[in-house]
There are 2 protein chains.
Amino acid sequence: MAYRSPATGGASGQSGAFGASGVSGQSGVSAASGVSGQSGVSAVSGVSGPSGADGSRSVSSRLLALLDVFTAAQPELTLSEISRLADVPLSTAHRLLGELTAWGALERGPDGKYRIGLKLWELGSLAPRGLPLRDVALPLMEDLYEATHENVQLSVREGPAVVFVERISGRGAVPTLTRVGGRFAIHATGGGLVLLAHAPPEIQEQVLAEPLQTFTRYTIDSPVRLRRVLAEVRLRGYALSDRQVTEDAFTVAAPIYGHGDEVVAALSLVVNHQGAEPAHLVPLVLSTARSISRLLGAPNSQHSEDARHLRT
Amino acid sequence: MAYRSPATGGASGQSGAFGASGVSGQSGVSAASGVSGQSGVSAVSGVSGPSGADGSRSVSSRLLALLDVFTAAQPELTLSEISRLADVPLSTAHRLLGELTAWGALERGPDGKYRIGLKLWELGSLAPRGLPLRDVALPLMEDLYEATHENVQLSVREGPAVVFVERISGRGAVPTLTRVGGRFAIHATGGGLVLLAHAPPEIQEQVLAEPLQTFTRYTIDSPVRLRRVLAEVRLRGYALSDRQVTEDAFTVAAPIYGHGDEVVAALSLVVNHQGAEPAHLVPLVLSTARSISRLLGAPNSQHSEDARHLRT
DNA sequence: GGGACGCTTCCACTGACCAGAAGGGCGGCT
DNA sequence: AGCCGCCCTTCTGGTCAGTGGAAGCGTCCC
C-alpha cells in the first residue's frame with residue numbers, strides 16, 4: 001500500500017500549470033494531481049475534501065498519471081524517470097507504457113526514451129476547442145497577420161488558466177512567452193483578461209482569491225485593480241495589456257463568441273509597446289474577432305444578410 | 001544498438017480504420033461504397049460479426065478503445081454510443097469515461113455528450129512529430145504561402161499512412177481533401193509519395209502488397225507504376241502528383257530531413273493543375289524544405305561547416 | 001575492472017474491476 | 001395526455017486480471 005506520505009514532498013505533484021519555463025518567481029503552485037473535478041489549484045488547506053485527496057489508485061488514474069509527467073520542458077523521458085515522476089512502481093510502469101506504446105499513444109526513440117506519439121496528437125486534434133476552432137479562425141488570423149505582421153494569438157480558457165490554441169508570429173514581431181498548447185496565468189495576458197471577464201463568477205473569485213503572479217512591474221497584482229479592469233473589459237468589449245507579461249509587449253484582445261453568444265475564445269494581437277496605437281489596432285482586432293464569431297454561428301455577430309455568402 | 005526499436009514489429013494492432021468508419025449503420029454506408037479497400041489498410045479480415053477476435057482484454061486497452069471511437073466525423077458521442085462502438089459494457093464505459101472526464105481527457109457538453117478535452121489536446125501538442133516540428137516549419141511555410149497564396153502542407157508518415165500536421169490554405173486556393181490531424185492514403189498524395197519513397201523497405205512492401213485505393217483516374221493504382229514513381233522521387237529529390245487525389249489539384253512535394261539526415265516529414269504545395277508550372281514551383285518547394293531541414297539540424301542541409309553553431 | 005544504473009521478465013497474491021439489474025428522467029410517438 | 005423507448009446513473013458481490021517485489025542482463029561511468 002502507499003506507505004509513502006502523499007502530501008509532504010511538494011515535488012511529487014508535477015502536472016499543474018507549467019507556465020513559461022523561463023519565468024522566474026515562485027512556481028505556480030501546481031499540485032492538484034488528484035482526480036477531483038475542479039482542478040482546484042486553490043485547494044490551499046481549506047475544506048478537507050477527503051474524496052480522492054490522495055493517491056492514484058485505479059488503473060486508469062495510473063495510466064493517466066503516466067501521461068501526465070510529460071511536459072513541454074520534458075517531452076522525452078526514460079522508463080525509470082516516468083516511474084519516479086508518476087510514483088508508479090517500475091514494473092507496472094513498464095507494462096502500462098508498453099500498452100500505451102503498442103496503441104500509439106507513446107513512441108520510443110532510438111535512444112529508448114518515451115515520447116508522446118502521433119496517435120495521441122491526432123486524437124487531441126479532435127478536441128472541439130482545439131483544432132476545429134483553429135480551423136475556422138486561422139484564415140482570418142492570417143488576414144490579420146498579413147495586415148500587421150505582428151503576433152496573432154488565439155486562446156481559450158481551461159479552468160483558471162488560459163491555453164493558447166494558435167499563434168502566428170513573424171520573425172520581426174515582438175517575442176512572446178507563449179507557446180501553442182501551453183498554459184499561462186490568466187490575469188496577465190490580454191486574451192486571458194477577456195476570457196476571465198466573461199468567465200463564470202466562481203472562476204473569477206477563484207482567481208481573485210489567489211495571489212497574482214507578477215511578470216513585470218506592470219502586471220496586475222491587486223485583486224481590486226483586477227476587478228476594475230475586468231469590469232472595464234466587459235464594458236468596452238476588448239482588453240488592453242500594456243507590458244504586463246514582458247517589458248516590451250502591448251496586447252489588444254477581443255472576445256470570440258459561439259453558438260449561444262457565450263465567449264468561447266479570445267483573439268489577441270501583440271505588438272511592440274513603443275509606437276503602439278490602440279486607436280488603430282482595436283478596430284482591427286474587434287472586426288476580426290467578430291468575423292470569427294460570425295463563422296462560429298454567434299447570433300449577435302450576424303450582420304444582416306450580407307454575411308451569408310462568407311460561409312465556407 | 002542500444003535497445004531494439006519495437007516500431008514496426010507488432011505494431012499491427014488495430015490501426016483501425018480511423019477515417020470515416022461508417023459505424024452508424026443506417027444509410028451512411030454510401031460514402032464507402034465505391035471504395036474497395038476502404039481505409040482499412042491493415043484490417044484485411046472480413047470478420048464482420050462481433051464474434052471472437054476482440055482484443056479488448058486489459059483495462060488499458062479498453063480505456064484506449066473508448067478514446068479510439070472519436071473520429072473527425074463523430075467528435076461528440078453519448079455514453080451509450082461510445083459503449084456500443086468500443087464494445088465495452090455500459091457500466092464499465094460509464095465508470096471509465098467518468099475517470100477520463102475527471103482527468104480532463106474528455107469533456108461533457110451541455111447536452112451530456114462526451115468530446116475530446118482540451119487537456120488531451122495539450123498533451124498531444126507535446127508530440128515531437130506534431131507541434132514542435134510545426135513550430136519550426138511554420139514561419140517558413142508562411143513565407144511560401146505569402147509567395148504563392150496556394151495550399152502549403154506539412155505531413156509525416158505514421159506506419160503505412162500519411163498524417164497532415166499543418167496546413168495553410170488561402171480562400172482562393174484549390175480545395176483539398178486533407179485536414180490537419182487527418183490521415184490519408186500514402187500513395188496518392190504528393191507528400192505521401194515523398195515519405196513512402198524514403199520509408200523502410202518493409203513499409204514500402206506493405207503498401208505495395210495491398211490494393212491501392214483510387215480517387216481519380218490519375219491515381220496510381222498499380223504496384224509496378226508505384227515502384228517506378230518511388231524510384232523517380234528518390235532520384236529527383238521531389239515528387240509530383242498530378243490530379244491523383246482530386247481532379248484539379250497538382251502537388252509538388254519535397255522531403256524534410258532531421259538530425260540524422262533521415263526523412264522526417266514532407267512539405268507540399270498544392271496548386272490548381274491548370275496553369276501549374278512545375279519548373280517554377282519545384283525550386284520554391286525544394287528551397288523551403290531545405291531551409292526547414294537546416295533548422296532541424298540536418299547535416300546535409302547545412303551549407304558549409306560554418307553552420308555548426310546553428311544546432312540547438 | 002568494479003559499480004551503478006536502467007530495462008526486461010517472471011510469478012504468486014489480492015483487491016480492484018466487471019457485469020448485470022434496478023431506478024429515474026427526458027423526449028418522441030400514437 | 002399517456003405510453004413507450006432511450007439514455008444515464010448507481011449499486012453490489014464474485015472473480016480474475018493487475019500489481020509489484022525480486023532477479024537477470026546489458027550498458028555506461030567512474
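Values reported hereafter were calculated over all heavy atoms of this structure, with side chains retained and with hydrogens, waters and symmetry mates removed. Lettering follows sequence order; numbering is per chain, from 1.
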Worksheet item: Closer than 4.0 Å, any side-chain N/O of Arg95(A) to the OP1 or OP2 of dG18(D)?
Response: no

Item to complete: Kindly say if Arg62(A) contacts the phosphate of dT19(D), meaning a side-chain N or O under 4.0 Å from OP1 or OP2.
Response: yes

Item to complete: Find the distance between CG (Leu66(A)) and CG (Asp87(A)) and round it off to the nearest 0.5 Å.
Response: 10.5 Å

Worksheet item: Roughly how far apart are Leu77(A) CG and Thr71(A) OG1, rounded to 0.5 Å?
Response: 7.0 Å

Just list the side-chain donor-acceptor pairs under 3.5 Å for residues 90-100 of chain A, sequence neighbours left out, or say none.
{"residue": "Glu99(A)", "atom": "OE1", "partner": "Ser58(B)", "partner atom": "OG", "Å": "2.7"}
{"residue": "Glu99(A)", "atom": "OE1", "partner": "Ser60(B)", "partner atom": "OG", "Å": "2.5"}
{"residue": "Glu99(A)", "atom": "OE2", "partner": "Ser60(B)", "partner atom": "OG", "Å": "3.0"}

Worksheet item: What residues, two or more places apart in sequence or in another chain, satisfy side-chain contact (heavy atoms from CB on, under 4.5 Å) together with Ala265(B)?
Response: Leu133(B), Leu154(B), Val156(B), Ile256(B)

Can you check nucleotides 6-12 of chain D for protein contacts, nitrogen or oxygen pairs under 3.5 Å, and list what you find?
{"residue": "dC7(D)", "atom": "O5'", "partner": "Ser80(B)", "partner atom": "OG", "Å": "3.4"}
{"residue": "dC8(D)", "atom": "OP1", "partner": "Leu79(B)", "partner atom": "N", "Å": "3.0"}
{"residue": "dC8(D)", "atom": "OP2", "partner": "Ser80(B)", "partner atom": "N", "Å": "2.7"}
{"residue": "dC8(D)", "atom": "OP2", "partner": "Ser80(B)", "partner atom": "OG", "Å": "2.6"}
{"residue": "dT9(D)", "atom": "OP1", "partner": "Arg108(B)", "partner atom": "NH1", "Å": "3.1"}
{"residue": "dT9(D)", "atom": "OP2", "partner": "Arg108(B)", "partner atom": "NH1", "Å": "3.2"}

Practice prompt. Decide, yes or no, whether a salt bridge links Arg62(B) with Asp68(B) under the criterion of side-chain N to carboxylate O below 4.0 Å.
Written response: no

Discussion item. My validator wants the stems of DNA chain D: runs of 3 or more consecutive Watson-Crick or G-U pairs, both distances under 3.5 Å, written as range with range.
Written reply: C:1-30 with D:1-30

Rounded to the Å, how far apart are [X] [atom1] and [N] [atom2]?
X	N	atom1	atom2	answer
Leu63(A)	dC17(C)	CG	C1'	15 Å
Asp111(A)	dT27(D)	CG	P	15 Å
Leu96(B)	dA16(C)	CG	P	15 Å
Ile82(A)	dC5(C)	CD1	P	19 Å
Glu99(A)	dT9(C)	CD	C1'	15 Å
Lys113(A)	dC5(C)	NZ	P	17 Å

Practice prompt. May I have all residue pairs that pass side-chain hydrogen bond (donor to acceptor under 3.5 Å, both in side chains) and include part of residues 123-134 of chain B, sequence neighbours excluded?
Written response: Glu107(A)-Arg129(B), Glu166(A)-Arg134(B), Arg129(B)-Glu158(B), Arg134(B)-Glu166(B)

Worksheet item: Considering residues at least two apart in sequence or located in another chain, which fulfil the side chain to side chain donor-acceptor pair (under 3.5 Å) criterion with Glu76(B)?
Response: Arg115(B)

Fill in: Main-chain N/O of Leu196(A) paired with Gln204(A) side-chain donor or acceptor, under 3.5 Å
yes

Item to complete: Report yes if the side chains of Arg157(B) and Pro200(B) come closer than 4.5 Å at any heavy-atom pair, otherwise no.
Response: yes

